[in-house]
Amino acid sequence: MTEYRMDAAHEGLALDRGVQGVLGQPIDRKDGPAKVAGAATYAAEFAFDRPIAYGVAITVAAAKGRVTRIDTGAAERLPGVLAIITDDPRLPRESPLIRAEMMNRVTGTFESYGEIVGVAFADSFEAARAAALAVDVVHVAENGDYAMMANADAASGPAEGAMLPDVVKGDLDAAMASADAAIDVTYDTPRQVHAAMEPHAAMADWNGDTLTLYGSIQLFGFAQGMIAKSLDLAPDKLRIISHYIGGGFGGKIGGPETVLAAIGAQRLGRPCKVSLTRQQLFHSVYGRSDTQQRLRLAANSEGTLTGIGQDSHVSQKPGGGFFEPVALGSVGLYAAPARRFTTKIVTLNLTPTGAVRAPGEAVGMIGLECAVDELAEKLGIDPLELRRRNEPEVDPTSGKPFSSRRLLDCFDEGAKAFGWDAWNPQPGARREGEWLIGLGMATAARVNFLADSSARVRLSGDGHATIETDMTDIGTGTYSILAQVAGEALGLPVDHVDVRLGDSDFPTGAGSGGSFGAASSASSVALACEDVVAEIAKRMDAKPSDMTLKDGHAIAGNRRVALSDLVGDAQIEAIGTIHPGKNNSSFSQATHGAQFAEVRVNAVTGETRVKRMLGVFDCGRILNAKTARSQAIGGMIWGLGYALHEHAVVDQRTGAYVNRDLGEYHIPANADVPQIEASFVEEIDRHANPVGAKGIGELGISGAAAAVANAIYNACGVRVRDFPITPDKLLAGLPDL
């Protein structure tokens, strides 16, 4: 077993000596054929050899108050109904607060719309749905708080030990007062939801006191303990299986559906399935907080920043510990001696807020990068050049060296490929009929993490390798990249590597989240391969560094031997484990990029059409060029949605979302997605992890919305600071035809 803690750069892996030539290549997804053929089994699709029961959550249709009575009589008399459960103390209220102490089910209080108060089970989904709707949840409603800034006076700062504590260095007020140019503006972003295509679903099956749970779960290491605790179950009595996940974006960490299914299966003695409806998950699964960001930038006449500030308000439900870390990407981005990054959390009677793709940077980079463009205009400096002039040599907040940083190269390559030299500083200068055309750009930044991860690699007598880890594939290509890592290290074609994921009986992997999954799990596979290679070398009577592995053969000392002959009946097995270490605190680790956009704004209707986008990103070693590009483009599309579409609208009378389905919660569709290109400035970051890769998926969203917003301003001269940018916010300021 090879175990490594990242206290120093790790070099000299068999992976780096590999000559198979598969690492980084744009190979097709190993899981692609199964998904296209419908053979990939998702959480709600597992089959059993006996009848299953279907469950539907019962919710309360108010945002604050107390439940006085739950009348189940009419529901229990409906055909096909098996059980109406409202009295189990383990019933979850919502996600991720699935713990027993949340609520007294008879006279308990509730604090946001749509909290779960029970579950109906029947022999069909339709019967369960009818039963859930027939349950009368009698309650007394109270006035709630639903508007963030109306309650800002009662806001509090981050708790001690928060992931993003407040940063105050130097005197920002003095820097603003003495600046040759200064910007003091406020940007607002709305509440947003994950909107994953696959619903939150789970199937549960008990065998005595042991539970097997089939779910759509990103992070097994976190979910197993949380779900077991919620069920008063020892973690080793819970097995989780999640082979494929149809999107999650931070929301699928073990939601209420898992506990509801487990409670039903235990009560009924048969497998149970629970899927949250689209409308339910808007309220019972946490989303992204709305934000109000005050941006202050001070600079001298040469464009050198002397002060930078991002003071934000965010919201959270009572009792929620998470807060949107708005300035997470900003704190280490631009040099300026006076620095201020603070957060105030406002308590509201709304769905809890939690991690949604790129928590912090996805919305924080909107405010910062639009404000930088506003400052550039005031100074009369090209916005790309202004960013270049404020590139720091070390992390400007912590003073730590960067593990790697190729942002300037991203600027250069992106500007050339996009044609940034055509940018005109005069808004509205380009017109084609009634369409106004503009260009915009922004910086992308996302912090980089490493997570504990283990993987088993087994080389069998047939010359094939098997990888086992409970790491998940959330649609990002994990099956493929792990096969490529092992194939390169062991000298095997990718089709000779079998990857088995998403089973808690396997070694504990990193899970999918925080953009740490690929680098962490790939590192554990690479470390396991070190032991396998060492044993191959021993059987070859050679040193690992003197041996070449290619096409299923070992080559050393003028001998070429098939791996199948070396292994025979004595298969080789090893477990590799990676841990974060001192490098996490010794270096400032992040990914960076440059985002560019061209838009058209209709001078009559205010309609915005994005014509093209380009992103150039620095995210370490590329493990698969095709999946990496897809991840970057997916993030950019999401950023486009944040610029123009996404807004979970709260009814200020009831605390309910009024657009809680994919018909009304607008996200980009095919017609909204323009020509999008993504490329990479590759540099293996040895300080980040053994394989030198860093996160990609969340980087693509960061800065994309700001690039679109800056292009809109360049097109028509209207600066919108309240997102999303819809036609009504542009119409009044549009120039005459």
Side-chain angles (χ1 to χ4, degrees), residues 185 187-190 366 369-374 376-378 380-386 414-442 594-616 633 636-647 663-664 666-679 700-701 703-737:
V185 292
Y187 277 83
D188 293 275
T189 63
I366 292 176
E369 289 301 294
C370 288
V372 169
D373 260 42
E374 293 198 55
E377 182 180 43
K378 203 165 191 178
I381 299 175
D382 181 312
L384 190 152
E385 177 60 25
L386 178 62
K416 182 178 180 180
F418 184 76
W420 183 252
D421 55 359
W423 175 78
N424 189 323
Q426 180 61 45
R430 289 182 60 193
R431 183 193 296 265
E432 291 182 5
E434 60 186 41
W435 290 94
L436 303 165
I437 303 169
L439 305 181
M441 62 86 54
Q595 303 265 22
F596 297 85
E598 178 180 342
V599 306
R600 293 170 173 247
V601 178
N602 191 287
V604 177
T605 66
E607 175 187 4
T608 296
R609 288 287 181 184
V610 178
K611 183 179 181 182
R612 61 190 177 107
M613 296 177 73
L614 169 72
V616 179
I633 289 175
M636 293 167 70
I637 294 171
W638 197 321
L640 185 158
Y642 275 8
L644 303 179
H645 302 291
E646 290 199 42
H647 183 183
E664 293 297 329
H666 294 163
I667 58 175
N670 286 351
D672 299 302
V673 178
Q675 172 188 330
I676 302 183
E677 296 295 335
S679 62
I701 189 175
V708 172
N710 290 334
I712 290 172
Y713 176 77
N714 184 245
C716 66
V718 181
R719 175 64 70 179
V720 178
R721 301 190 183 96
D722 180 19
F723 282 69
I725 303 175
T726 47
D728 57 298
K729 298 173 184 177
L730 295 172
L731 280 172
L734 292 176
D736 296 331
L737 284 174

Peer 1: So which heavy atom on Leu436 is nearest to which on Cys716, and how close?
Peer 2: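 Scanning both residues completely, I find the closest heavy atoms to be CD1-CB, 3.7 Å.
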Peer 1: Of the non-hydrogen atoms in Ala442 and Ala707, which two are nearest, and what is the gap between them?
Peer 2: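 Between these two residues, the closest heavy atoms are CB-N, 3.7 Å.
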Peer 1: Might you point out which heavy atoms bring Pro674 and Lys611 nearest each other, and give the distance in Å?
Peer 2: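 That would be CB-O, 3.0 Å.
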Peer 1: State, yes or no, whether a side-chain contact exists between Met636 and Leu614 at a heavy-atom distance under 4.5 Å.
Peer 2: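 Heavy-atom side-chain distance check fails, nothing below 4.5 Å.
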Peer 1: So, taking the atom named CD1 in Ile366 and the one named OH in Tyr187, what distance separates them when rounded to the nearest 0.5 Å?
Peer 2: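 These two atoms lie 10.5 Å from each other.
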Peer 1: Any salt bridge linking Arg719 with Glu377? Criterion: basic side-chain nitrogen under 4.0 Å from a carboxylate oxygen.
Peer 2: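 Here Arg719 does not pair with Glu377 in a salt bridge, since their nearest N and O are not under 4.0 Å apart.
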Peer 1: Distance check, rounded to the nearest 0.5 Å: His647 atom NE2 versus His666 atom NE2?
Peer 2: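 Atom-to-atom, His647:NE2 and His666:NE2 are 12.0 Å apart.
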Peer 1: Can you tell me how far CH2 of Trp435 sits from CD of Glu607, rounded to the nearest 0.5 angstrom?
Peer 2: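 If we round to the nearest 0.5 Å, Glu607:CD and Trp435:CH2 are 4.0 Å apart.
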Peer 1: Please lay out, stage by stage, how His645 and Leu640 fare under the test side-chain contact (heavy atoms from CB on, under 4.5 Å).
Peer 2: CA-CA 8 Å; His645 302 291; Leu640 185 158; 4.1 Å; yes
Peer 1: Does the side chain of Trp638 come within less than 4.5 Å of Glu646's, by heavy atoms?
Peer 2: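 The answer is yes, as the side chains (C-beta and beyond) meet within the 4.5 Å cut-off.
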Peer 1: Rounded to the nearest 0.5 Å, how far apart are CG of Leu384 and CG of Leu439?
Peer 2: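 Output value for this atom pair is 12.0 Å.
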Peer 1: Below 30° counts as parallel, above 60° as perpendicular, anything between as tilted: where do the rings of Trp420 and Phe418 land?
Peer 2: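 Rings of Trp420 and Phe418: tilted, as their planes differ by 30° to 60°.
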Peer 1: Please give me the minimum heavy-atom distance between Gly438 and Asn714, naming the atom from each residue.
Peer 2: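 For Gly438 and Asn714, the tightest heavy-atom pair comes out as CA-OD1, 3.3 Å.
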Peer 1: Can you see which heavy atom on Leu731 is nearest to which on Gly606, and at what distance?
Peer 2: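 Scanning both residues, the minimum pair turns out to be CD2-N, 3.8 Å.
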Peer 1: Is the shortest heavy-atom distance from the side chain of Ile437 to the side chain of Glu598 under 4.5 Å?
Peer 2: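 The answer is yes, as the side chains (C-beta and beyond) meet within the 4.5 Å cut-off.
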Peer 1: Can you confirm whether Leu386 sits close enough to Val372 that some side-chain heavy atom of one is under 4.5 Å from a side-chain heavy atom of the other?
Peer 2: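 Yes, at least one pair of side-chain atoms sits under 4.5 Å.
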Peer 1: First locate atom CG of Asn602, then atom CD of Glu434, and finally report the distance between them rounded to the nearest 0.5 Å.
Peer 2: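 Answer for the CG-CD pair, Asn602 versus Glu434, is 4.0 Å.
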Peer 1: As a test of understanding, state which of Ile667, Ile712, Asp672 forms a side-chain contact (heavy atoms from CB on, under 4.5 Å) with Leu644.
Peer 2: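 Filter result, single survivor: Ile712.
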Peer 1: When you compare the side chain of Met441 with that of Trp423, does any pair of heavy atoms fall below 4.5 Å?
Peer 2: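 They are not in contact (no side-chain heavy atoms under 4.5 Å apart), so the answer is no.
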Peer 1: Taking Lys729 for its side chain and Pro724 for its backbone only, find out whether a donor-acceptor pair lies under 3.5 Å.
Peer 2: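 Yes: the side chain of Lys729 pairs with the backbone of Pro724.
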Peer 1: Grab the two heavy atoms, one from Thr608 and one from Leu730, that are nearest each other, plus how far apart they are.
Peer 2: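 So the minimum-distance heavy-atom pair works out to OG1-CD1, 3.6 Å.
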